[in-house]
2 protein chains.
Amino acid sequence: MDEGGNDAFETGDAEPFDMAGRRPITLADVAREARVGESTVSRVLRSHGSFSEKTRARVEAAVARLGYVPNRIAGTLASTGSRLIGIVIPSLTNIVFPDLLRGATAALEQEGFQSVIAVTDYDQDREEAVVGSLLSWRPAGLIVTGLEHNPGTRRRLAASGVRVAELLDTDGPGLDIVVGYSNRAAGEASARHLVGRGYRRIGYIGHDLTKDRRAAKRYAGFRDALRETGLALADEERVASPSSVEAGRQGLAALLARVPDLDAAYFSNDDMALGGYFHCLAHGIAVPGRLALFGYNGLDVGRLMPQPLATIRTPRVEAGATAARLLCTGSPATVVDLGFELIEGATA
Amino acid sequence: MDEGGNDAFETGDAEPFDMAGRRPITLADVAREARVGESTVSRVLRSHGSFSEKTRARVEAAVARLGYVPNRIAGTLASTGSRLIGIVIPSLTNIVFPDLLRGATAALEQEGFQSVIAVTDYDQDREEAVVGSLLSWRPAGLIVTGLEHNPGTRRRLAASGVRVAELLDTDGPGLDIVVGYSNRAAGEASARHLVGRGYRRIGYIGHDLTKDRRAAKRYAGFRDALRETGLALADEERVASPSSVEAGRQGLAALLARVPDLDAAYFSNDDMALGGYFHCLAHGIAVPGRLALFGYNGLDVGRLMPQPLATIRTPRVEAGATAARLLCTGSPATVVDLGFELIEGATA
DNA sequence: GTCCGTATTGGCAGCGCTGCCAATACGGTG
DNA sequence: CACCGTATTGGCAGCGCTGCCAATACGGAC
């Protein structure tokens, strides 16, 4: 009666069967098989509370025999907190966010947590929607990108009482935990570096800054620092598309068409800068003799170009890992500035 | 009595309060607030079953007033299936997997599913562990990469009865749903293309093929197709590290040091090929006059190089989206070969 | 006004697990 | 041998929601 058959016409009124006609194995099955109580099985499986060595062996044998897989859905509902962390990133196209994920998932796994991810496409309304969706899983914490969120998102976050870590930006007030670096300062450092090297006719090539707020902060920092030295941006080109190698290549081409005597180009990130470098290679523009290039992010690819790209290396993986760890360990609200590193390279 | 206070010393024996001293709002609260039954609230929130317009308005008003967020953990436990799909990928470093994720999460979101991701670092034992971990969330389906899994993984997958989609490879028997393309055929096509162009002293630069089984299949296809034309690989260089621009650059350097008269280099993917291209640029090696380069994946960056990279474009985003859709809609087991496209480029 | 079919609605038993608490077993002690 | 403190163990009430089913309301048709 217990082991029935795979009879598809089974009409018993209580037993739920899966598609293959098997009843899912539950903790109660394991308890029966091991001839111990349910709570004993639960304790053994979580190594929590006390039990004898003999019992542990019995339970583990039963688990193996039945091929039991604990149901964390039930476990989470019964206990208070889940072992889930929600991660909200704007994009998967730009390698910086997978980097962030990489750091976070590695740290999370170590702490026994699982990550649920959601992508916003740099849209704050979509961010609000995915935050709501993630909150319905009652996560132990949420990792979001940046400090800018619309009021609805803030309200939901606050109402949920869930711990939040905001990443990759420290220029502004945070909600709870903040891990990142100053984009504004990065922009400023870039400007000072170029000016220090003697460049004077400096242009900017960026992407859609209304959506990418961190890029906008770098731009602002760059422009302001330039102004402080008495210079102004010679010109700028904003490509409407998201940042990409292609956007950088086309953006630089457009900018040079307007301002042929530019002596340096500041890109909103390394992908764009790589595109600019390709444009220079293709058109015989000497780098940095005729035109200097400066990026942002410190991607590997920049380091391996024939002339290493001048850029700013950001600790993205570390930011993800740090945030994950703080969230898992229940750290108090804090701001962690991981800083950045200016890489002189050879293109500026 | 109902609205109590935020009294931290509340000693009532039943009410669970969160860190902020608030009792989480449940569906029962909403029902009380809207003066309807719990099941009515449930029906309205899921737009499932019938209810009057008046009731919908009442419920929605109550939800808004209380700021209620449904608890999907409880919902999933009570109903049969979850709206979670587990995604297992080998790495987040190589952009192809974020691409896959991108396709999958976009399609999943459209169907009202959420994704839980896990990374294996190309390690089959870790794959087994993360599959077990994902299964404990009782996902509606699992997306895994490739067709090779160790016996433990296969056993768990089979025992769980969960639908599985295997991605990016069609060279071999699948477990259930398979979406991808033939890596072997891609390798063959690459070899035939290079031979057709007149190259004869062809070398291979790859990474760790014991871990990346799909790269190994391309390599095998390439080598076999070469042999069929009466040629043999002039030499090959296997870098021990994972694939990267750096590995490609160093690998080509090492190979050319051994075989200076190579006339074409086949790389295990575009990242490696880009590294090789950079080596050529840095050392004044004319491409393709002196050395032809061929990659795999069809990354954007290859298209934008001064000379577009000869490569094979793979539909990674589409594969993720297709798999997600098939899983969500409960498609029967099937193999979907999305094919690939050879891009002639200018480097070969 | 009566009767019946359909549209709405509420009650309540679980889903599988954990947390609490009482029950029992074990190992000395006096 | 009775007694006590500690180590193990089992029972069972929920966690918040959904699914089932019975109860009620509504809207004509007769």
Side-chain angles (χ1 to χ4, degrees), chain A residues 12-18 23-59 62-63 66 68-84 135-138 140 160, chain B residues 12-18 23-59 62-63 66 68-84 135-138 140 160:
Chain A
D13 46 18
E15 309 291 356
F17 290 83
D18 72 3
R23 187 170 54 76
I25 291 157
T26 69
L27 182 142
D29 297 322
V30 176
R32 205 174 310 122
E33 174 82 14
R35 301 177 180 293
V36 297
E38 296 186 27
S39 24
T40 300
V41 176
S42 175
R43 275 186 297 256
V44 170
L45 292 180
R46 288 176 299 144
S47 303
H48 176 273
S50 74
F51 44 82
S52 66
E53 193 44 52
K54 201 184 64 181
T55 304
R56 148 176 272 135
R58 286 255 294 277
V59 170
V63 165
L66 298 176
Y68 170 68
V69 177
N71 183 332
R72 287 209 214 181
I73 297 282
T76 300
L77 181 61
S79 60
T80 33
S82 83
R83 304 286 279 180
L84 278 178
L135 285 176
S136 72
W137 291 101
R138 297 292 186 273
S160 72
Chain B
D13 45 19
E15 310 290 356
F17 291 83
D18 72 3
R23 187 171 55 75
I25 291 159
T26 70
L27 183 141
D29 297 322
V30 176
R32 205 173 310 123
E33 174 83 13
R35 304 181 176 289
V36 297
E38 295 186 27
S39 25
T40 301
V41 176
S42 176
R43 275 187 297 257
V44 170
L45 292 180
R46 287 176 300 145
S47 302
H48 176 273
S50 73
F51 43 82
S52 67
E53 193 43 52
K54 202 184 63 182
T55 304
R56 147 176 274 134
R58 286 254 293 278
V59 170
V63 165
L66 299 176
Y68 170 68
V69 177
N71 183 333
R72 286 209 215 182
I73 297 282
T76 301
L77 181 61
S79 60
T80 31
S82 84
R83 304 287 277 179
L84 278 179
L135 285 176
S136 72
W137 290 101
R138 296 293 185 272
S160 71

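Letters A, B, ... mirror the listed sequences (proteins, then strands); counts begin at 1.
- The interatomic distance linking A/Arg35 (CZ) with D/dG10 (P) rounds to 12 Å, in whole Å.
- A distance-only check finds no donor-acceptor pair linking the side chain of B/Thr40 to the backbone of B/Val36 [under 3.5 Å].
- For the pair A/Ser136 (side chain) and B/Val69 (backbone), a donor-acceptor distance under 3.5 Å is absent.
- For the helix from C/dG1-D/dC30 to C/dG30-D/dC1, the rotation axes defined at the first and last 5 base pairs enclose an angle of 50°, given to the nearest 10°.
- Rounded to whole angstrom, the span from the CG atom of A/Leu77 across to the C1' atom of C/dT18 amounts to 10 Å.
- Of the candidates D/dC12, C/dT9, D/dC17, the closest approach to any side-chain atom of A/Ser39 belongs to D/dC12.
- Across the protein-nucleic acid pair, A/Ile25 atom CD1 and C/dC15 atom P stand 16 Å apart, rounded to whole Å.
- Nearest approach of A/Glu38 to A/Ala28, heavy atoms of both residues: OE2-CB, 3.9 Å.
- Rounded to whole Å, the distance from CG on A/Asn71 to C1' on C/dG14 is 14 Å.
- Atom OG1 of B/Thr76 and atom CG of B/Leu84 lie 6.5 Å apart (nearest 0.5 Å).
- With values rounded to the nearest 0.5 angstrom, A/Arg32 atom CZ is found 9.5 Å from A/Leu66 atom CG.
- Look at CD on A/Glu38: it is 14 Å from C1' on C/dG14, rounded to the nearest Å.
- Atom OG of B/Ser82 is separated from atom CZ of B/Arg72 by 10.0 Å, given to the nearest 0.5 angstrom.
- Judged by distance alone, the side chains of B/Ser39 and B/Ser42 never bring a donor and an acceptor atom under 3.5 Å apart.
- Under 4.0 angstrom from either OP1 or OP2 of C/dT9 there lies no side-chain N or O belonging to B/Thr40.
- Summarising the geometry, the separation between CZ on B/Arg72 and C1' on C/dC15 is reported as 18 Å, rounded to the nearest angstrom.
- Residues from residues 43-58 of chain A lying near DNA chain D, meaning a heavy-atom separation below 4.0 Å, are A/Arg43, A/Ser50, A/Phe51, A/Ser52, A/Thr55 in numerical order.
- We find the CG-CZ distance between B/Asn71 and A/Arg138 to be 4.5 Å, quoted to the nearest 0.5 Å.
- Each of B/Ser79 and A/Thr76 has a nearest nucleotide on DNA chain C; the 5'-most of these lies closest to B/Ser79.
- Between the CG atom of B/Leu27 and the P atom of D/dC15 there is a distance of 13 Å, rounded to whole Å.
- Side-chain N/O atoms of B/Thr55 and B/Arg58 include no donor and acceptor closer than 3.5 Å.
- Distance A/Arg32 CZ to C/dG16 P: 12 Å, rounded to the nearest Å.
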